[in-house]
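Because the structure is a prediction, the values reported are computed rather than measured. Chain letters run A, B, ... following the sequence lines, proteins first, then strands; residues in each count from 1.
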Protein chains: 2
Amino acid sequence: MDRIDNQILSIIHENARITVSEMSRKIAMSQPAVTERLRRLEEQGVITGYRAVLSPSKLGKYTTAFVLFKSKNCKEFEEFGEAAPEIVDFYRTSGEYNYLLKVVTETSETLEAFLESCNTFGFSSTLVVLSTRFEDKGLITSQDA
Amino acid sequence: MDRIDNQILSIIHENARITVSEMSRKIAMSQPAVTERLRRLEEQGVITGYRAVLSPSKLGKYTTAFVLFKSKNCKEFEEFGEAAPEIVDFYRTSGEYNYLLKVVTETSETLEAFLESCNTFGFSSTLVVLSTRFEDKGLITSQDA
DNA sequence: TGTGAAACTGCATCGTC
DNA sequence: GACGATGCAGTTTCACA
């Protein structure tokens, strides 16, 4: 994990579909060398995947909310969470609440319906997202790369 | 936006570095047709980008937390947030708190230092993430694709 | 680990429907 | 909108440093 690896990570976090050739030009290194470094970063688990970022609103999902949850039966609630398509992110947390969920739904009505379906598992508190300033800022700072 | 577009979105959300040829085999359509559909999905803003997913712990970041924030001066706080490398996600929310931040730091000590640097802007409540059950579940359900 | 060369594979583009 | 053909670009592999 040297400076070149950090450059590769920074570039590929910005644009996961960049070609290895283009990257090799950016960092002034041969294309097979970059391919090999990428392979290693994947193998070591530094890179865990590559994802397209989709616009919720363009897919008819206009409501995003964070739900703080205090569940009684954790096992049952986690099984419910796995199966619920509305839950995009699912975290176990410390504090008064033991779960935090990011929920994406069509409208506030479908959010309400979702919250009601959670009621049997415990108590929740919901924060509706008004707007997103930014998401998924890179973990590599310019000084690292 | 038909079933084939949904299939493309589902596939490329799973693996953003898949080749167009491989996709075209999976969905039994010619390579130029898939290229054209991809181009349109990008142009329409359904796909807003492609990102590598990086492991925080492999980069020395062992602490993730969600910070609920109640700020007095919103403009100043947002400028601070843009510049803070610890803040990975930044949302404006409804409710008692007006911001929600996802913060990734090296240790609980660096989290503490970050929280102290926020103090001038208002009041915060922090939920430390104990574990992540899942993140970034696809917005396309199997019935759509 | 990194490089250069060669064979292979994938992609952009265009004409056709 | 989708297809097939084609020339160019990117990737894989390997011998060598």
Side-chain angles (χ1 to χ4, degrees), chain A residues 1-61 136 138-145, chain B residues 1-61 136 138-145:
Chain A
M1 280 294 306
D2 56 9
R3 198 151 296 138
I4 294 172
D5 282 331
N6 280 317
Q7 283 181 265
I8 291 173
L9 293 175
S10 180
I11 291 169
I12 210 155
H13 180 261
E14 278 294 310
N15 174 16
R17 281 187 75 75
I18 192 173
T19 62
V20 175
S21 306
E22 210 175 319
M23 259 200 287
S24 71
R25 278 174 227 131
K26 287 198 186 209
I27 62 183
M29 187 178 243
S30 75
Q31 187 263 329
V34 176
T35 302
E36 176 60 15
R37 276 170 179 268
L38 249 190
R39 197 194 59 72
R40 249 176 237 153
L41 288 167
E42 291 169 1
E43 194 183 52
Q44 293 170 351
V46 180
I47 298 173
T48 58
Y50 302 97
R51 290 196 180 283
V53 184
L54 308 184
S55 160
S57 65
K58 301 278 176 172
L59 295 167
K61 315 271 185 175
D136 206 8
L139 296 176
I140 314 284
T141 55
S142 49
Q143 288 139 38
D144 297 328
Chain B
M1 280 294 308
D2 57 6
R3 199 152 294 138
I4 294 172
D5 282 331
N6 280 318
Q7 282 182 266
I8 291 174
L9 293 174
S10 179
I11 291 169
I12 210 155
H13 180 262
E14 279 293 311
N15 174 17
R17 280 187 73 76
I18 192 173
T19 63
V20 175
S21 305
E22 209 175 320
M23 258 199 289
S24 72
R25 278 174 226 129
K26 285 197 186 208
I27 63 184
M29 185 178 249
S30 75
Q31 182 258 314
V34 175
T35 302
E36 176 60 14
R37 276 169 178 268
L38 246 192
R39 196 193 59 72
R40 244 175 242 154
L41 289 167
E42 290 170 0
E43 194 183 52
Q44 292 170 351
V46 181
I47 299 174
T48 59
Y50 303 97
R51 291 196 179 283
V53 184
L54 308 184
S55 160
S57 65
K58 301 278 176 171
L59 295 168
K61 316 270 186 176
D136 207 8
L139 296 176
I140 314 286
T141 55
S142 50
Q143 287 136 40
D144 298 327

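Between the CD atom of A:E42 and the P atom of D:dT11 there is a distance of 13 Å, given to the nearest Å. The distance from atom CG of B:D5 to atom C1' of D:dA2 is 13 Å, rounded to the nearest whole Å. Here the P atom of nucleotide D:dG1 and the CZ atom of B:R3 are 17 Å apart, to the nearest Å. Rounded to a whole Å, the CG atom of B:L38 is 16 Å from the C1' atom of C:dT13. Atom-to-atom, CD of A:E22 to C1' of D:dA9 comes out at 12 Å; the value is rounded to the nearest Å. Following rounding to the nearest Å, A:I18 (CD1) and D:dT11 (C1') show an atom-to-atom distance of 15 Å.
The neighbour count for B:R39 CZ, taken as heavy atoms of other residues, nucleotides or ligands under 6.0 Å away, is above 12.
Of the residues near DNA chain D, B:R40 and A:T19, the one whose nearest nucleotide (by heavy atom distance) lies more toward the 5' end is B:R40.
Using a 4.0 Å cut-off between charged side-chain N and carboxylate O, A:R40 and A:E36 make a salt bridge.
In summary, the side chains of B:S10 and B:E14 do not present any donor paired with an acceptor at a separation below 3.5 Å, with no hydrogens or angles considered.
Interface residues of residues 29-37 of chain B facing DNA chain D, ordered by number: B:M29, B:S30, B:P32, B:A33, B:R37; criterion, heavy-atom separation under 4.0 Å.
If you check every strand for non-hydrogen atoms under 4.0 Å, B:R39 touches nothing.
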Before giving the answer on side chain to side chain contact (heavy atoms under 4.5 Å, CB included), spell out for B:I11 and B:I27 the whole-Å C-alpha distance, their side-chain angles and the decisive distance to 0.1 Å.
CA-CA 10 Å; B:I11 291 169; B:I27 63 184; 3.8 Å; yes

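Look at A:R25 and you won't find any side-chain N or O under 4.0 angstrom from OP1 or OP2 of D:dA9. Between B:S21 and C:dT9, a side-chain N or O to OP1/OP2 separation shorter than 4.0 Å is absent.
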